[in-house]
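These notes are about the structure you will find just below.
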Amino acid sequence: YGTAPNVLSELQWKNIWSLNGFAGASLPLYRNLVVSGWVNGGKIFSGEVWDRDYWGNNRTEMFSESYSGAEQGYLFDASVAFSQSIQIGSGILSEILGYTYHRLHLSMIEGWQSKPIEGIYHNPMPTLDSRYTAQFYGPFFGIDYQMPLSCYLLGLGYTFTLPRYR
């Protein structure tokens, strides 16, 4: 074959479920300046992935299709931010500047082919153990507004991230 299609392989992850935990803390530094940090981690316990491979451009001439479990993997996020707050009416408006890191690790295990490679099925694929890792990180900035309501605190915020991918 020897071709170089514009889409050689396509992975489609579905129904990824994870159990997550998180922790965070804030520390007042000076007057209304606060530093905050938080982490979030999770274990993926359920999911599936479809892998399709093509000989032709634009997802044509599919020569292989397989289905795999995706119940192994994890996700991790960590952020640190500085904020400065001012009182506006009964609420507090905060300007936020920080840095964030995110990592997603997905695995493909125990696969089954639904379209054979050159007419041959390789089922089951018990030794399948492929991994996909995505990372992005970078600075972010934003605003946050918190207003007391009776015995609750209502908050609304927005952040904009300038991500770099690895």
Side-chain angles (χ1 to χ4, degrees), residues 3-54 56-60 62 66-109 111 128-149 152-166:
T3 63
N6 60 3
V7 177
L8 177 61
S9 184
E10 176 179 51
L11 299 175
Q12 186 176 31
W13 303 88
K14 295 181 177 183
N15 304 318
I16 302 294
W17 288 79
S18 66
L19 183 60
N20 300 319
F22 64 93
S26 294
L27 176 68
L29 294 178
Y30 177 75
R31 293 189 185 183
N32 54 356
L33 182 63
V34 175
V35 63
S36 300
W38 52 97
V39 294
N40 175 27
K43 171 77 173 100
I44 295 171
F45 63 87
S46 179
E48 58 193 44
V49 59
W50 286 92
D51 181 4
R52 295 176 182 93
D53 300 311
Y54 306 95
N57 283 333
N58 303 316
R59 296 176 180 88
T60 60
M62 182 171 45
S66 63
Y67 163 86
S68 307
E71 54 270 352
Q72 293 180 359
Y74 65 88
L75 48 101
F76 175 79
D77 306 307
S79 298
V80 63
F82 292 92
S83 61
Q84 186 170 3
S85 303
I86 58 171
Q87 185 87 31
I88 297 183
S90 62
I92 297 174
L93 179 67
S94 300
E95 303 168 318
I96 304 166
L97 178 63
Y99 192 84
T100 189
Y101 173 82
H102 305 271
R103 180 181 178 100
L104 174 63
H105 181 88
L106 299 168
S107 294
M108 298 168 57
I109 58 170
L128 177 65
D129 187 14
S130 297
R131 296 168 177 19
Y132 172 76
T133 301
Q135 297 179 75
F136 75 91
Y137 51 92
F140 67 91
F141 60 91
I143 58 171
D144 182 54
Y145 184 74
Q146 294 184 352
M147 181 175 63
L149 294 177
Y152 298 100
L153 186 63
L154 177 66
L156 180 64
Y158 177 79
T159 59
F160 181 78
T161 303
L162 301 166
R164 295 189 55 159
Y165 296 92
R166 200 184 319 177

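Heavy-atom basis, side chains included; hydrogens, waters and symmetry copies ignored. It should be emphasised that the depicted structure is a prediction, and the values quoted were computed from it without experimental measurement.
Between Ser85 and Ser94, the side chains place a donor N or O and an acceptor N or O closer than 3.5 Å (distance only, hydrogens not considered). For Asn58 and Thr60, the side-chain atoms include no donor-acceptor pair closer than 3.5 Å. Gln135 and Arg164 are not linked by any side-chain donor-acceptor pair at a separation below 3.5 angstrom, with hydrogens and angles left out of the test. With no hydrogens or angles considered, no side-chain donor-acceptor pair links Arg103 and Tyr137 at under 3.5 Å. Side-chain contact of Asp144 with Ser83: a donor-acceptor pair under 3.5 Å is absent, judged by distance alone.
Across all non-hydrogen atoms, the minimal contact from Ala70 to Glu48 is CB-N, 3.7 Å. Minimum interatomic distance between Gly21 and Asn40 (heavy atoms only, all atoms of both residues): O-OD1, 2.9 Å. Shortest non-hydrogen contact noted between Ala78 and Val39 is CB-CG1, 3.9 Å. Contact detail for Ala4 and Asn57: the closest heavy-atom pair is O-OD1, 4.1 Å. Counting all heavy atoms, side chain and backbone alike, Phe141 lies closest to Leu97 at CB-CD1, 4.2 Å. When all heavy atoms of Ser18 and Phe45 are compared, the pair lying nearest together is C-CE2, 3.5 Å.
Going from atom OH of Tyr54 over to atom OG of Ser9 covers 8.5 Å, rounded to the nearest 0.5 Å. The CD1 atom of Ile96 lies 12.0 Å from the CD atom of Gln84; values are rounded to the nearest 0.5 Å. Going from atom NE2 of His105 over to atom CG of Leu75 covers 11.5 Å, rounded to the nearest 0.5 Å. Here NE2 of His102 is found 5.0 Å from CG of Asp77. Values are rounded to the nearest 0.5 Å. The CZ atom of Phe140 lies 6.0 Å from the OG1 atom of Thr100; values are rounded to the nearest 0.5 Å. With rounding to the nearest 0.5 angstrom, the CZ atom of Arg131 is 11.5 Å from the CG atom of Leu106.
For Ile88, the CD1 atom sits in a packed shell: over 12 heavy atoms of surrounding residues, nucleotides or ligands are nearer than 6.0 Å. Other residues, nucleotides and ligands contribute more than 12 heavy atoms inside 6.0 Å of the OH atom of Tyr99. Enclosure of atom CZ in Phe82 is not indicated, since only 12 or fewer non-hydrogen atoms of other residues, nucleotides or ligands lie within 6.0 angstrom.
Side chains of Asp51 and Asp53 form a contact here, defined as non-hydrogen atoms less than 4.5 Å apart. Residues Leu29 and Val34 are not in side-chain contact: their nearest non-hydrogen atoms beyond the backbone lie 4.5 Å or more apart. Looking at Glu71 and Ile109, their side chains come closer than 4.5 Å, going by heavy atoms from C-beta outward. Using a 4.5 Å heavy-atom threshold, the side chains of Leu11 and Trp50 count as separate.
Ring geometry for Tyr165 against Phe136 counts as tilted: the plane angle lies between 30° and 60°, on a 0 to 90° scale.
No donor-acceptor pair closer than 3.5 Å links the side chain of Glu10 to the backbone N or O of Gln12.
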Working for side chain to side chain contact (heavy atoms under 4.5 Å, CB included), residues Asn20 and Phe22: CA-CA 7 Å; Asn20 300 319; Phe22 64 93; over 6 Å; no
Which is it for Trp13 and Met108 under the side chain to side chain contact (heavy atoms under 4.5 Å, CB included) test, yes or no, and what are the steps along the way? CA-CA 10 Å; Trp13 303 88; Met108 298 168 57; 3.6 Å; yes
